[in-house]
Amino acid sequence: MDDNNNTSFDYDYLVIGGGSGGIASAKRAATLYNAKVAVIEKSRLGGTCVNVGCVPKKVMFNAATIADTLSHDAEHYGFLGGKESAKTFDWNKLKKSRDNYVKRLNTIYENGFQNAGVEYIRGDATFEDSNTLIVSSLAEGEEEKEKEEGKTRTITAKYILIATGGRPYFPEGEGILEHCISSDGFFELEEIPKVVVVVGAGYIAVELAGVLNSLGSEVHLIVRYGNAVRSFDKMITESLDEEMVKAGIRIHRYTQGVSKIVLDSSGKKTILTKSGDSLYGADVVIMATSRVPNIGGLNLDKAKVKLSEKGYIQVDDKQNTSSESVFALGDVCGKVELTPMAIAAGRKLADRIFGGKEQEDAKANYENVPTVVFSHPPIGTIGLTSQQAITKYGEENIKIYTSSFANLYYGVFDVEPSEKPKTRMKLICAGKEEKVVGLHCIGIGVDEMIQGFAVAMKMGATKADFDSAVAIHPTASEELVTMGVWGTSPMVSGAKINPLYGIPSDDQTTMKSNL
């Protein structure tokens, strides 16, 4: 890119936001292309994912999984178990260890800037124009509200990236803002609540509900309609609902949301829904209905950056905004709001801006993005849902394979087969060649098996390709390569080197010579 070539700037590249996507883009530009780069961040480095998202959430998921093992599973394997053993859980000890781990990651990110030659500016940025930012500096330990007036500086850059992420949203209603905490606030809890109400139907809501339920809270989940995670494949939606109910989570359906929250004299909360229902005696109410782009105070109009009707920054498939020198990625854009997606987009953007002609078309691919929900049980999914596939290809061009079974882990459990938790899997195939366009799993261990299948789907794998892979036994993942009547799908491969009938000897020779 050659914009503003004859103008002098303080930096080649300024990144607003020290989250995963912004950091990845900044380091890429500095290390690979020797660009002069700075990152502006007013809070802790690492963004939502590291501080109040993926990382601490996974720690809590692990703790909850251990609690489940102690409470429900250990005795079936000959160990002392039962709910009493799980009562030894120390919330404060875990919180301290988790928070210390996050602080170490913050430091690692800051050291990473030094190693990459990226300047770290701790402060709050606002646009003056499309190449100029006014930065209010913050000293170490200061919060935004403690900024000293007049402690600002003006910084210019040839290119500016907005990567400020999202923030929790509180809907309107009496007492909601005063008496609820957000998903961010969950990580500030000093003790486990005895009774907790989680409001929301997305992945954050079901993850927190599952964690708290497994760790011993009485959990109520309020959803607006019939189920949680409604945007997922119907099999996933129904399966998670069934397993949450079995686990003891109380789901309040068709509430249309929360209208009011009242605090009584004992500190307990009463939640009134828009459908007229009431819940009494909650210690904590977690509002996890949605997140919104964190763009307040940026003065985007001064940079001529346009927003969508929903308030996200408008970008094309190369992260361009309506302003030639300003780019945006991650949660501020509202498209595939996942940390690894923002990282990929950030790196590709740095390649395109600074990589010369050979990188001028570089962009992230937003198709077949794998994702995992750390619910109880976990969910793994790639590609289209059944309904999306039917809409795109036509029902007559879709073939669906499914499997439902109890994981071998539960084989020794002395309970009725119908009571054993189920793993469910689905492959959605399109066209005569049966290209795999959707893969959906729910059950123990699926969070750790989904990544490899994403590689296969990115490469255009067909059902025959899946069948050609020899199963690993005994595992749950082998179900994905043995579904249906094995080996009867059309013998068409999506691979560059066809594996269906074995690699020809001349291809083997070529491969060996390239090793």
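Across all non-hydrogen atoms, the minimal contact from C441 to I236 is O-CD1, 3.5 Å.
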Residues S214, D68; criterion side chain to side chain donor-acceptor pair (under 3.5 Å); working and verdict: CA-CA 6 Å; S214 293; D68 284 339; 3.0 Å; yes
Candidate pair M425 and M449, rule side chain to side chain contact (heavy atoms under 4.5 Å, CB included), full reasoning: CA-CA 12 Å; M425 297 178 172; M449 73 174 70; 3.8 Å; yes
Working for salt bridge (charged side-chain N to carboxylate O under 4.0 Å, His left out), residues E242 and R424: CA-CA 12 Å; E242 178 183 330; R424 293 182 175 90; 3.5 Å; yes
Salt bridge (charged side-chain N to carboxylate O under 4.0 Å, His left out) assessment of D99 paired with K103: CA-CA 6 Å; D99 293 350; K103 287 177 183 178; over 6 Å; no
Stepwise side chain to side chain contact (heavy atoms under 4.5 Å, CB included) test for H220 and E218: CA-CA 7 Å; H220 297 258; E218 177 185 311; 2.8 Å; yes
Criterion salt bridge (charged side-chain N to carboxylate O under 4.0 Å, His left out) on D90 and K96, from CA distance to verdict: CA-CA 10 Å; D90 187 335; K96 183 178 179 180; over 6 Å; no
Side chain to side chain contact (heavy atoms under 4.5 Å, CB included) assessment of V492 paired with K435: CA-CA 9 Å; V492 178; K435 179 181 178 180; over 6 Å; no
Side chain to side chain contact (heavy atoms under 4.5 Å, CB included) between D184 and R167, intermediate numbers included: CA-CA 9 Å; D184 292 2; R167 59 178 176 80; 5.9 Å; no
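There is no side-chain donor-acceptor pair under 3.5 Å between Y401 and E479. For N106 and N51, the side-chain atoms include at least one donor-acceptor pair closer than 3.5 Å. In this model, no donor atom of one side chain and acceptor atom of the other lie less than 3.5 Å apart for T164 and N294. A donor and an acceptor atom, one from each side chain of E434 and S489, are located under 3.5 Å apart. For the residue pair N100 and S97, no side-chain donor N or O sits within less than 3.5 Å of a side-chain acceptor on the partner. Side-chain N/O atoms of T48 and R291 include a donor and acceptor closer than 3.5 Å. Of the N and O atoms on the side chains of Y203 and S231, not one donor lies less than 3.5 Å from an acceptor on the other residue.
Ring geometry for Y77 against Y409 counts as tilted: the plane angle lies between 30° and 60°, on a 0 to 90° scale.
Ring-centre distance between F61 and H376: below the 6.0 Å cut-off. For an aromatic pair to be called close, the ring centres must be under 6.0 Å apart, and F405 with Y410 fails this.
The main-chain N or O of Y393 is found under 3.5 Å from a side-chain atom of N397 such that the two form a donor-acceptor pair. Within the 3.5 Å criterion, the main-chain N or O of P377 finds no donor-acceptor partner in the side chain of E243. In this structure, the side chain of H440 does not engage the main chain of K234 through any donor-acceptor pair within 3.5 Å. E41 contributes a side-chain N or O that, together with a main-chain N or O of G18, makes up a donor-acceptor pair within less than 3.5 Å. Panel note: side chain S217, backbone V219; no donor-acceptor pair is recorded below 3.5 Å. A donor-acceptor pair under 3.5 Å is absent between the side-chain atoms of D277 and the main chain of H252, judged by distance alone. Remark: side-chain polar atoms of S25 are paired, donor with acceptor, to backbone N or O of G346 under 3.5 angstrom. Put simply, the side chain of N213 gets close to the backbone of A247: a donor and an acceptor are under 3.5 Å apart. Remark: the backbone N or O of T385 is paired with a side-chain donor or acceptor of Q388 at under 3.5 angstrom. S278 contributes no side-chain N or O that, together with a main-chain N or O of L272, makes up a donor-acceptor pair within less than 3.5 Å.
Of the inter-residue distances, the one linking E207 atom CD with C54 atom SG reads 8.5 Å to the nearest 0.5 angstrom. In this structure, CD1 in I428 is found 12.0 Å from NZ in K392, a value given to the nearest 0.5 Å. Interatomic distance, I181 CD1 to I286 CD1, rounded to the nearest 0.5 Å: 4.5 Å. Rounding to the nearest 0.5 Å gives a distance of 5.5 Å between CD1 of I261 and CD1 of I271. Interatomic distance, L307 CG to C333 SG, rounded to the nearest 0.5 Å: 10.5 Å. To the nearest 0.5 Å, the span separating OG1 on T289 from CZ on R224 amounts to 9.0 Å.
The number of heavy-atom neighbours closer than 6.0 Å to NZ of K194, taken from other residues, nucleotides and ligands shown, is 12 or below. The 12-atom threshold is exceeded at CD of E396, counting heavy atoms of other residues, nucleotides or ligands nearer than 6.0 Å. Heavy atoms from other residues, nucleotides or ligands lying under 6.0 Å from CD of E178 number more than 12. Annotation for Y280: atom OH does not count as buried by contact number, only 12 or fewer foreign heavy atoms lying within 6.0 Å. Within 6.0 Å of atom CD in Q256, more than 12 heavy atoms from other residues, nucleotides or ligands are found, so the atom counts as buried in its surroundings. More than 12 heavy-atom neighbours from other residues, nucleotides or ligands sit within 6.0 angstrom of NZ on K57. Within a 6.0 Å sphere centred on NZ of K348, heavy atoms belonging to other residues, nucleotides or ligands number 12 at most. Within a 6.0 Å sphere centred on CD1 of I472, other residues, nucleotides and ligands contribute 12 heavy atoms or fewer.
Between K260 and E174, at least one side-chain nitrogen of the basic residue sits less than 4.0 Å from a carboxylate oxygen of the acidic one, meeting the salt-bridge criterion. A salt bridge does not link E238 to R230: none of the charged side-chain nitrogens sits closer than 4.0 Å to a carboxylate oxygen. Salt-bridge check for D467 with K463: passed, with a basic side-chain N closer than 4.0 Å to an acidic carboxylate O.
For the pair P490/E433, no side-chain contact is recorded, criterion being any heavy-atom separation below 4.5 Å from C-beta on. Looking at heavy atoms from C-beta onward, L439 lies in side-chain contact with I450 at the 4.5 angstrom threshold. No side-chain heavy atom of I66 sits less than 4.5 Å from a side-chain heavy atom of F89. Proximity of I400 to L427: side-chain heavy atoms (C-beta onward) are nowhere separated by under 4.5 Å. Side chains of V315 and L329 form no contact here, defined as non-hydrogen atoms less than 4.5 Å apart. Looking only at side-chain heavy atoms (C-beta outward), I222 and V197 come within less than 4.5 Å of each other. No side-chain heavy atom of F374 sits less than 4.5 Å from a side-chain heavy atom of I379. Using a 4.5 Å heavy-atom cutoff, the side chains of Y254 and V223 are not in contact.
Evaluated for a side chain to side chain donor-acceptor pair (under 3.5 Å) with S386, the options D233, T391, T402 yield exactly one hit, D233.
The side-chain tip of K335 points at the ring of Y366 from less than 6.0 angstrom away and within 45° of straight on.
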